Protein chains: 2
Amino acid sequence: MEYTVQQLAKLAGVTSRTLRYYDEIGLLKPARAHASGYRIYGSKEVDQLQQILFYRELGVDLETIKQIITSPSFDDVQALKQHREKLLAERRRLEALIANVEKTILAKEGRIIMSDKEKFEAFKQQLIDENERKYGKEIREKYGDEQVNKSNEKVKNMTQAQYEEATKLGEEVLRVLHEAFLTGDPAGELAQKVAELHRQWLGYFWDHYSREAHAGLAQMYVDDERFKAYYDQKQSGMAEFLRDAIFIYTGKK
Amino acid sequence: MEYTVQQLAKLAGVTSRTLRYYDEIGLLKPARAHASGYRIYGSKEVDQLQQILFYRELGVDLETIKQIITSPSFDDVQALKQHREKLLAERRRLEALIANVEKTILAKEGRIIMSDKEKFEAFKQQLIDENERKYGKEIREKYGDEQVNKSNEKVKNMTQAQYEEATKLGEEVLRVLHEAFLTGDPAGELAQKVAELHRQWLGYFWDHYSREAHAGLAQMYVDDERFKAYYDQKQSGMAEFLRDAIFIYTGKK
DNA sequence: GCTTTACATTGACGTTACGTCAACGTTTAT
DNA sequence: ATAAACGTTGACGTAACGTCAATGTAAAGC
């Protein structure tokens with residue numbers, strides 16, 4: 001089954017302009033060009049476009065999508081499974097927003113008290129995850145400029161499965177951190193487990209690990225209010241605790 | 001509680017640039033300016049920003065958001081309830097995408113057959129609804145330029161609850177249309193019920209109804225492949241049938 | 001075969017919602 | 001008083017197209 005630009009655009013619910021743009025940037029090339037110069041797309045391109053639309057739906061930028069799907073190791077069934085996981089996560093985020101709006105309604109009706117901070121909690125979760133990744137990069141730039149290109153490449157080539165794993169690991173860090181916090185001992189077994197998990201989490205974003213960089217990032221968690229707020233979400237003081245645990249783990253203290 | 005730009009930005013998980021931009025376009029003005037010229041935001045602005053973020057989350061463009069929240073009749077509790085409805089709808093759309101990806105996985109594993117068309121179904125639903133609204137406007141421009149401003153205003157002020165009702169009605173039109181189609185009689189009772197339901201649906205988007213405009217739109221459904229494909233989704237010929245039913249309903253034939 | 005309509009191409013400017021940076025004034029902490 | 005942190009305005013750049021012009025090609029109608 002072959003399609004011209006308009007046919008495929010209609011089929012997929014995009015515009016012909018979009019398809020031409022995708023051709024132009026090398027994201028989705030036609031199967032071939034008709035003698036007239038018209039673009040002709042086939043089944044392979046249909047499947048590729050569907051993948052692109054899933055990634056787009058999940059907020060991935062086109063350049064990143066291009067790198068993922070043009071990789072020789074790209075496995076479309078695996079990618080579809082990853083989309084599913086990510087869509088489920090997105091649904092959970094929506095559910096948090098729904099819960100937040102319901103809570104806001106109660107607050108407006110005077111039934112509960114809601115802090116200014118709580119009003120924005122559901123909006124911020126994804127942003128904080130992204131900021132955290134970004135700041136990890138800044139540390140890299142600070143301690144090793146020659147590694148930045150590799151690091152950028154690594155982040156861009158991260159698969160959705162890896163992203164999911166990283167997200168889960170980040171959640172686990174937070175959970176175990178709280179347990180360790182309750183022990184009160186940053187040098188204890190639990191706290192050191194947190195630091196180790198945190199190091200594993202960094203492995204998803206950093207091309208090369210160094211203790212110095214790890215410690216530097218941990219200090220940033222305390223110095224930057226956004227991170228501090230994130231780690232203190234369960235209980236105040238947890239950001240400092242994590243910093244201390246990591247300092248001990250890395251031998252800085 | 002008062003906040004400077006960075007404080008509110010951090011609280012809400014947006015950038016100071018965003019807040020300055022929102023001030024510049026009149027979307028979210030500070031409560032006052034400090035003697036230094038610094039922007040100072042208060043509780044009222046916090047609540048406004050939360051509303052803005054909900055609308056933004058739901059894909060509403062900033063100009064539209066501005067018009068909604070600056071309207072004298074804006075009711076924030078009512079708006080929150082509408083956000084909730086829309087978020088629930090968005091969650092249902094995500095669920096359709098999840099079902100679609102699961103189905104695609106099955107197709108890839110060779111367990112079921114999936115058409116090229118089915119591969120894009122979940123992506124297209126919202127797009128078609130939006131296109132339909134847009135074309136309704138074009139008809140208005142064609143038959144009555146002096147009504148366009150009112151019509152634009154109506155669409156922009158449509159509440160989320162109204163949008164949901166319109167969506168449901170659109171679905172009912174399609175369902176009853178198929179039943180009527182099976183009777184084969186565009187002048188029959190069922191077909192005329194479809195035309196009436198369609199007219200009601202138009203009431204959500206048009207400030208003023210005219211039979212001429214209705215008939216013109218119906219003809220467009222047959223002439224424009226995108227609408228034709230939409231109405232023919234259940235069975236080929238349904239777009240023409242709807243056109244005929246509306247022509248009879250409006251007295252054009 | 002010729003004409004008209006529909007479809008496709010490339011090129012280019014415009015849009016929305018910011019991101020980024022420069023230059024410089026103001027506030028806070030030491 | 002000084003340095004660091006924060007704020008301002010102004011301005012250019014970006015991603016992902018939307019829109020339109022000029023022109024060639026394919027398909028339908030006569």
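So that the names make sense, note that chain A is the first sequence line, chain B the second, and so on, each numbered from 1. Quantities reported herein were computed from a predicted structural model and do not represent experimental measurements.
The main-chain N or O of B:G42 is never found under 3.5 Å from a side-chain atom of B:E2 such that the two would form a donor-acceptor pair. A side-chain donor-acceptor contact under 3.5 Å links A:T70 to the backbone of A:K66. For the pair B:T104 (side chain) and B:N100 (backbone), a donor-acceptor distance under 3.5 Å is present.
Aromatic rings of A:Y41 and A:Y3 (six-membered ring for Trp) have centroids beyond the 6.0 Å cut-off, not under it.
Rounded to whole Å, the distance from CG on A:L19 to C1' on C:dA8 is 13 Å. Look at CG on A:D23: it is 14 Å from P on D:dC17, rounded to the nearest Å. Put simply, CD1 on B:I52 is 12 Å from P on C:dA17, counting in whole angstrom units. At whole-Å resolution of the value, CG in A:L53 and P in D:dA16 are 14 Å apart. One can place CD of A:Q6 at 13 Å from C1' of C:dT9, the figure rounded to the nearest angstrom. Rounded to a whole Å, the CD atom of A:Q7 is 10 Å from the C1' atom of C:dC7. For A:L8 and C:dC7, the CG to P distance is 15 Å, given to the nearest whole Å. Taking atom OH on B:Y55 and atom P on C:dT16, their separation rounds to 20 Å, with Å as the unit.
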Would you please test B:E57 and B:K86 for salt bridge (charged side-chain N to carboxylate O under 4.0 Å, His left out) and show each step? CA-CA 10 Å; B:E57 178 66 34; B:K86 204 67 191 340; over 6 Å; no

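Using a 4.0 Å cutoff on non-hydrogen atoms, the parts of residues 24-48 of chain B near DNA chain D are B:G37, B:Y38, B:R39, ordered by number.
The phosphate of D:dC6 has neither OP1 nor OP2 within less than 4.0 Å of any side-chain N or O from B:T4. For B:S16, no side-chain nitrogen or oxygen approaches OP1 or OP2 of C:dC18 to under 4.0 Å. At the phosphate of D:dG18, OP1 or OP2 sits under 4.0 Å from a side-chain N or O atom of A:T15.
Using a 30° and 60° split on the angle between ring planes, A:H83 and A:F54 fall in the parallel class, below 30°.
Within the cation-pi definition used here (under 6.0 Å to the ring centroid, within 45° of the axis), B:R20 does not qualify as a partner of B:Y22.
For A:L58 against A:L87, the heavy-atom pair with the smallest separation is CD2-CD2, 3.7 Å.
Proximity of A:R32 to A:R39: side-chain heavy atoms (C-beta onward) are nowhere separated by under 4.5 Å.
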Base, backbone or nothing for each nucleotide of nucleotides 10-15 of chain D, written B, S, -, heavy atoms under 4.0 angstrom, 5' to 3'? -B----

